[in-house]
Amino acid sequence: MNIVEIIEKKKNKIELTKEEITFAVNGFLDDSIKDYQMSALLMAICSNSMTDEEIFHLTDAMVKSGDIIDLSTVPGVKIDKHSTGGIGDKVTLVLAPLVASTGVIVPKMSGRGLGFTGGTIDKLESIEGFKVDLTKEEFLEQLKKVNMVVASQTENIALADKKIYALRSVTGTVESIPLIATSIMSKKIASGANKLVIDVKVGNGALMKTQEEARELANIMIKIGKNYNIETICILTDMNQPLGNSIGNGLEVLESIDILTGKGSKEIVEFINTFASLMVSMAKDIS
């Protein structure tokens, strides 16, 4: 099998097989396929998109490229929340502890900024001494102790995604819908949650600029979730203006503290309560 032939197939809009996609992912991971070759493949994907089957195969290859966290020792339904990223989006910092306080288990593996938005991990790292890199054992211990954990993608989780994620940020392939979907879902599948709520941002301050793009991304992620027997609900939310009153990692942490102490703006409190209510209702529905 040859990576140049795989790149040419995708360039010519020919569907890639599971074996070809797995070969490309594993080769990039072990450095037999170089950055410039994977960049070319990513650009071909960005230009020509992917079929559902290709998306399933890419997700599977990325999930299997690293460890999968087994949360079976943690009692109850495990429900995760993810945002596709928006300006001023500090929701996770408030939502995760709020939902966990009701007894719902919230395992949250978050990412760093992609494109122009800061990620949840970037925000937490603005707190001096805050530890975001947890081992699997630490991840499980904290989850059992306080019902929630927010951590960065651990070293051995979805290894291929971690490497591809970094390459996308410097090769102009950030906004590919299949690549966004597989990146998000591979991490979520590997982190062991039973159910998933995804906040799909749409508008000027989001990766998805139009309702059509946002719906396409949402539908793909729901399909991937179904393929792995993970109930996945996507909500499209407006990102034509920032969330809350603060923008910037440290400032957003301070605003999150204000929200948790009852000082948040009405709009962001209502936004967070909507997601919290949905997550609690999903977690209680174990049918």
Side-chain angles (χ1 to χ4, degrees), residues 50-64 66-85 89 91-92 94-111 120 139-140 143-144 147-151 153 157-158 161 177-202 208 211 213-237 271-287:
M50 302 182 88
T51 65
D52 286 353
E53 288 301 311
E54 286 178 309
I55 288 168
F56 295 155
H57 297 327
L58 180 57
T59 303
D60 196 56
M62 292 199 293
V63 170
K64 291 178 178 176
D67 295 338
I68 298 174
I69 296 180
D70 181 3
L71 299 181
S72 61
T73 60
V74 182
V77 176
K78 277 69 71 173
I79 183 164
D80 195 356
K81 173 264 178 188
H82 184 82
S83 168
T84 57
D89 183 3
V91 169
T92 291
V94 180
L95 182 64
L98 177 63
V99 173
S101 71
T102 70
V104 175
I105 309 299
V106 185
K108 181 78 175 75
M109 195 166 288
S110 293
T120 298
F139 190 94
L140 285 169
L143 199 58
K144 292 175 182 178
N147 289 343
M148 64 157 282
V149 59
V150 179
Q153 187 175 345
I157 293 291
D161 170 66
I177 290 176
L179 295 178
I180 293 171
T182 53
S183 177
I184 291 171
M185 295 302 291
S186 64
K187 289 191 287 285
K188 297 306 171 184
I189 293 161
S191 61
N194 307 115
K195 302 190 179 189
L196 177 61
V197 174
I198 303 178
D199 177 7
V200 182
K201 302 292 187 189
V202 55
M208 301 295 102
Q211 292 277 341
E213 290 175 331
R215 288 194 187 96
E216 181 183 351
L217 176 60
N219 287 333
I220 290 172
M221 292 190 291
I222 290 169
K223 288 178 182 178
I224 295 173
K226 186 176 181 180
N227 197 48
Y228 281 87
N229 199 31
I230 296 173
E231 181 185 356
T232 302
I233 294 178
C234 295
I235 302 176
L236 275 58
T237 63
F271 186 98
I272 291 168
N273 284 341
T274 297
F275 275 84
S277 299
L278 176 60
M279 290 176 69
V280 172
S281 65
M282 287 175 68
K284 299 304 182 183
D285 177 15
I286 60 174
S287 59

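All of these numbers come straight from a predicted model, not from anything done at the bench.
- The distance from the NZ atom of Lys108 to the CG atom of Leu143 is 13.5 Å, given to the nearest 0.5 Å.
- For the atom pair CE (Met221) and CD1 (Ile233), the distance works out to 12.5 Å, reported to the nearest 0.5 Å.
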Evaluation steps, side-chain contact (heavy atoms from CB on, under 4.5 Å), between Met109 and Ile157:
CA-CA 10 Å; Met109 195 166 288; Ile157 293 291; 3.7 Å; yes
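- Partners of Lys81 according to the salt bridge (Lys or Arg N to Asp or Glu O under 4.0 Å) rule, which considers only residues two or more places apart in sequence or in another chain, do not exist here.
- Partners of Gln211 under the side chain to side chain contact (heavy atoms under 4.5 Å, CB included) rule, at least two apart in sequence or in another chain, are Val202, Arg215, Leu236.
- Between Thr73 and Lys144, some side-chain heavy-atom pair lies under the 4.5 Å cut-off.
- Residues satisfying the side chain to side chain contact (heavy atoms under 4.5 Å, CB included) criterion with Ala193, sequence neighbours excluded, are Asp80, Pro107.
- Residues Ile105 and Val77 fail the side-chain proximity criterion, which asks for heavy atoms closer than 4.5 Å.
- With hydrogens and angles disregarded, no donor-acceptor distance shorter than 3.5 Å links the side chain of Thr232 to the backbone of Leu196.
- Remark: Lys78 pairs with no residue by the side-chain hydrogen bond (donor to acceptor under 3.5 Å, both in side chains) rule, at least two apart or across chains.
- With sequence neighbours left out, Asp70 forms a side-chain hydrogen bond (donor to acceptor under 3.5 Å, both in side chains) with Ser72.
- Note that the OG1 atom of Thr274 and the CE atom of Met279 stand 13.0 Å from one another [nearest 0.5 Å].
- Not a single side chain to side chain contact (heavy atoms under 4.5 Å, CB included) links Lys226 to another residue, sequence neighbours left out.
- With sequence neighbours excluded, the residues forming a salt bridge (Lys or Arg N to Asp or Glu O under 4.0 Å) with Lys223 are Asp52, listed by chain and number.
- Evaluation of the ring pair (Phe, Tyr, Trp, His ring centres under 6.0 Å) rule for Phe275 yields Phe271 as partners, not counting sequence neighbours.
- Evaluation of the salt bridge (Lys or Arg N to Asp or Glu O under 4.0 Å) rule for Lys64 yields Asp60 as partners, not counting sequence neighbours.
- To the nearest 0.5 angstrom, Ile230 atom CD1 is 5.0 Å from Ile189 atom CD1.
- Atom CD1 of residue Ile222 and atom CD1 of residue Ile198 lie 8.0 Å apart, to the nearest 0.5 angstrom.
- Among residues two or more places apart in sequence or in another chain, the side-chain hydrogen bond (donor to acceptor under 3.5 Å, both in side chains) test is passed with Ser83 by Asp89.
- Residues Val63 and Ile68 form a side-chain contact, since some pair of their non-hydrogen atoms from C-beta on lies under 4.5 Å apart.
- Under the rule for a salt bridge (Lys or Arg N to Asp or Glu O under 4.0 Å), the partners of Glu54 that lie at least two apart in sequence or sit in another chain are Lys10.
- Legend: residues meeting side chain to side chain contact (heavy atoms under 4.5 Å, CB included) with Glu213, ordered by chain and number and at least two apart, are Ile177, Met208, Lys209, Thr210.
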Working note: Val106 + Asn147, criterion side-chain contact (heavy atoms from CB on, under 4.5 Å); need CA distance, chi angles, decisive distance, verdict.
CA-CA 6 Å; Val106 185; Asn147 289 343; over 6 Å; no
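- Between the side chain of Ser191 and the backbone N or O of Lys188 there is at least one donor-acceptor pair closer than 3.5 Å.
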